[in-house]
Amino acid sequence: MKKKMVGMLLCAAMVVSLIAGCGNSGADKEGSKAEDVKKADDSGKKVYALVTKSAGNPFMDIIAGGFTDVIEAAGGEVIVRHPEAATADAQVSVIQSLISQGVDSITVSANDQNALQAALEEAMDAGIKISGLDSATNADSRQVFVNQASDAEIGKTLMEAIYDIAGGEGQWAILSATSQATNQNAWIAAMQEAMKDDKYSKLELTEIAYGDDEPQKSTDQTQALLSKYPDLKVICSPTTVGINAAAKVLQDDHSSVKLTGLGLPSELAEYMGDGDDKSCPYMYLWNPIELGQLGGYTAMALVNGEITGAEGESFKAGDLGDYEIIKAKDGGTEVVLGPLFKFDSSNINEWKDVF
Ligand code: RAM
């Protein structure tokens, strides 16, 4: 933790510039075809595409910043594509346009586990290296996945936080992102698995609501939960967009309902604290800059032929250190960034300017 903390603090200056919109020169919205007209390899540089879940999600922008920085520093070119909507269909059209461009690599945060398979197989058949990060495709649709932390660890950690904040009993609800997102569903399943422990028998999960990683829909869903469940004690939102929207609703309403989940310190700082006037006592996240960087190093190792994505291979991910490819739960392979960090009133001010 300490070593990572120092590394994270060293990133601070870089991140400030990322948040200001620098260091992300490849960012481009789907729909703007400026990048399409340039044949991917006409400069001789290797071209690495990152396909995010959707536009307008600061978490995705921070990942894109880390990804872009390490690849550009190594002399590669980056294209960041945000699909028009947080759907698999929108990602398929982005992937198809990247195949036509002849990029060397595609890294995707999947809006659906299985629905990208045909497009990604077509890309692999065309010699494009395929990796995932943040939210996985199925094993057949990728060479390797860059995972933030183990699903079980995330599920257990969030369940323990819900138990603690609820005082061991009572109603709680989940505010998720889209209903098909692999990562969200894996974390919810891991929470439900953890919940089977007798310790949690007095907690009642009332509903899993979906805000689709849209601020307004997440706000509406939070308000609906409050009116449907007057005895609700805790909302757990394992999405940075959802937790930010819910924090505002609860705090503005002076609600007694408390919040935890996965959030960006930069967005949650004003809602964090133990007093009645604050909606979020504490939350968790990994380092999204490092997740983007590890995604970039992994894509480069695939393109350079240093790895194929097979279990047991290892590679050097710059200052992040050495990573080994291991077997993933879904039968494919992954590299795991880890660890989860807890953010609370004691450290939020230190982190809010970092990411
Ligand atoms: C949202 C997205 C993303 C997830 C984070 C925690 O931004 O759903 O996929 O990893 O939250």
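Start at 1 and go down the list; that is how both ligands and their atoms are numbered. Just so you know, these numbers use all the heavy atoms, side chains as well, and skip hydrogens, waters and symmetry mates. Since the model is a prediction, treat every value here as computed from it, not as a measurement.
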Please state which protein non-hydrogen atom is closest to [atom] and give its distance, to 0.1 Å?
atom                    : result
atom 2 (C) of ligand 1  : Asp213 OD2, 3.3 Å
atom 10 (O) of ligand 1 : Asp134 OD1, 2.5 Å
atom 1 (C) of ligand 1  : Thr240 OG1, 3.3 Å

Decide if atom NZ of Lys202 counts as having more than 12 heavy atoms of other residues, nucleotides or ligands within a radius under 6.0 Å.
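It does not: Lys202 NZ has 12 such atoms or fewer within range.
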Do other residues, nucleotides or ligands put more than 12 heavy atoms under 6.0 Å from the NZ atom of Lys217?
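More than 12 within 6.0 Å, yes.
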Does the side chain of Arg81 come under 3.5 Å of the side chain of Ser97 through a donor N or O and an acceptor N or O?
yes
So, Thr239 versus Asp213: side-chain donor-acceptor pair below 3.5 Å or not?
yes
Main-chain N/O of Asn114 paired to Asp112 side chain as donor or acceptor, under 3.5 Å
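It does hold such a pair.
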So does Asp253 pair up with Lys248, basic N to acidic O under 4.0 Å?
no
Which segment of Gln148 sits under 4.0 Å of ligand 1 when only heavy atoms are counted:
neither
Taking 4.0 Å as the limit for heavy-atom contacts, which would you say applies to Tyr284 with ligand 1: side chain only, backbone only, both, or neither?
neither
Kindly compute the distance separating CG (Leu294) from CG (Leu133), expressed to the nearest 0.5 Å.
8.0 Å
Judged by non-hydrogen atoms, does Met60 sit under 4.0 Å from ligand 1?
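Met60: in contact with ligand 1 (<4.0 Å).
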Contacting atoms of ligand 1, where contact means under 4.0 angstrom from a heavy atom of [X]:
X      : answer
Asn183 : 3 (C), 4 (C), 9 (O), 10 (O)
Lys53  : 2 (C), 3 (C), 8 (O), 9 (O)
Gln184 : 8 (O)

